[in-house]
Amino acid sequence: MNIPRPLKIESGKVYALDQRALPDQELYLEMNSLEDCHEFIRDMVVRGAPLIGFTALWGMVVWLRRSLSTSLEDYKKAAEFLKTARPTAVNLAYELDESVQFLSLAYEKGKSNEVLLSLLEDFATGQMEKLERDNRKMAELAYQELVTQTGKSSGFRLLTLCNTGFLACGTTGTALGVISTLQEKNQLERVFACETRPYLQGARLTAYELDKMNVDHLLIVEGAISYVLERESIDAIFVGADRIALNGDTANKIGTSTLAIVARHYNIPFYVVAPVSSFDLNMSSGDQIEIEMRPDSEITHWKGKLMTSAGTHGLNPSFDVTRGTLIEGIICENGLIRPSNGVEELRKIAMKAIE
Ligand code: MRU
């Protein structure tokens, strides 16, 4: 893949690609402490639900390397601190909780920090390798579904929002992973990428990934969604997720629910592609999901310069909740879930791996 790795581990050091500088610059920042890790996640050096989770695991590696403590309680405390960096993507808490569970026995047995560190490094690497395999499965399921829905086997015209590719996952990716896999097999005609105001993950990151993959793509503003869905023969829409509740309600980048509502109007199938680590089975509906509010300067300013009248303030929710009723299918590594089939199907498929 011709796209820079969002996380680089070299001679025990952890570097994060500063996604704020893309596509102009491919700049790496070294992570030297737990505080650095928290800041990288909070300030969007790294972003995208799976990548936030993996970055936190490598943040714990950095912490453990410098820590003198061999107590599980201290490990948990450090993990709890990282969980506060961003509230909406459940992958952050998921990966940290999984690592606590994975290390508890070694802590109980009084293993040295050296042993704990090597276990944690293997765990973090293993989690990323698992997502890579799972992304491939999701892409295959999405392809089968596309064939069933459209009756064709290539020439797909797709639309996506935000960035869900290599930069958001450190692996093939979820929704954009479907797109890159179809591109590898020459089955795509064209992709429409929403710019994703105000942070421009679509314009800066998705378009950059599509360009590097030589995908025929057009960038659109979110205001053009109805125009494009009405006139551009879109076969399907694929997006990612930050948290999926039991009834299929899905939190994802702001603008996703508008897209799903308009897609229903034009009868275009709308899919969420996400690993089981993005599911939150403790939440019965999306009403319980905390939505991150970001600074309004992301709307009122452009490259540090005020664009509005000085007295104007903005409202900047970073995510919204798409109701499960608007989602044709949620594609995860365990299969395709149709929220219209009810809560039990979602629970069963999501829990398949741990039954
Ligand atoms: O604010 P971001 O850039 O972290 O938001 C990212 C998204 O909303 C993605 O769609 C989601 O995390 C899925 S990434 C595979």
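Indexing begins at 1, ligand by ligand and atom by atom, following the structure's order.
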Purely on distance, is any nitrogen or oxygen of [X] under 3.5 Å from one on ligand 1?
| X | answer |
| --- | --- |
| Ala49 | yes |
| Thr164 | no |
| Asp242 | yes |

Under the salt bridge (Lys or Arg N to Asp or Glu O under 4.0 Å) criterion, do Lys212 and Glu209 qualify, and how do the steps go?
CA-CA 5 Å; Lys212 292 248 184 197; Glu209 289 202 38; over 6 Å; no
With heavy-atom distances below 4.0 Å as the criterion, list the atoms of ligand 1 near [X].
| X | answer |
| --- | --- |
| Ala168 | 14 (S) |
| Gln201 | 1 (O), 2 (P), 3 (O) |
| Met44 | 1 (O) |

Measure the distances from the heavy atoms of [X] to every atom of ligand 1 and state whether one is below 4.0 angstrom.
| X | value |
| --- | --- |
| Phe319 | yes |
| Arg86 | yes |
| Pro50 | yes |

Among protein heavy atoms, which sits nearest to [atom], and what does the distance come to when rounded to 0.1 Å?
| atom | value |
| --- | --- |
| atom 9 (C) of ligand 1 | Asn252 OD1, 3.5 Å |
| atom 15 (C) of ligand 1 | Thr174 OG1, 3.3 Å |
| atom 13 (C) of ligand 1 | Ala241 O, 3.4 Å |

What part of Lys253 sits under 4.0 Å from ligand 1 if we count only heavy atoms: the side chain, the backbone, both or neither?
both
Under 4.0 Å between heavy atoms, the region of Cys169 that gets near ligand 1 turns out to be side chain
Given Arg323 and Asp287, is the salt bridge (Lys or Arg N to Asp or Glu O under 4.0 Å) satisfied, shown in steps?
CA-CA 10 Å; Arg323 297 299 161 187; Asp287 295 344; 2.9 Å; yes
Pairing donors with acceptors under 3.5 angstrom, does anything connect the side chains of Glu95 and Gln127?
yes
Assess, by modelled atom type and distance only, whether the side chains of Tyr75 and Ser67 contain a donor and an acceptor separated by less than 3.5 Å.
no
Check the surroundings of atom CG in Asn267: do more than 12 heavy atoms from other residues, nucleotides or ligands lie under 6.0 Å from it?
no
Can you tell me if CD on Glu114 sees more than 12 non-hydrogen neighbours from other groups inside 6.0 Å?
no
Side-chain heavy-atom pair Cys169, Leu131 within 4.5 angstrom cut-off
yes
Can you tell me how far the CZ atom of Arg47 sits from the CD1 atom of Ile41, to the nearest 0.5 Å?
12.5 Å
Looking at Glu232 and Arg157, is any side-chain nitrogen of the basic one under 4.0 Å from a carboxylate oxygen of the acidic one?
yes
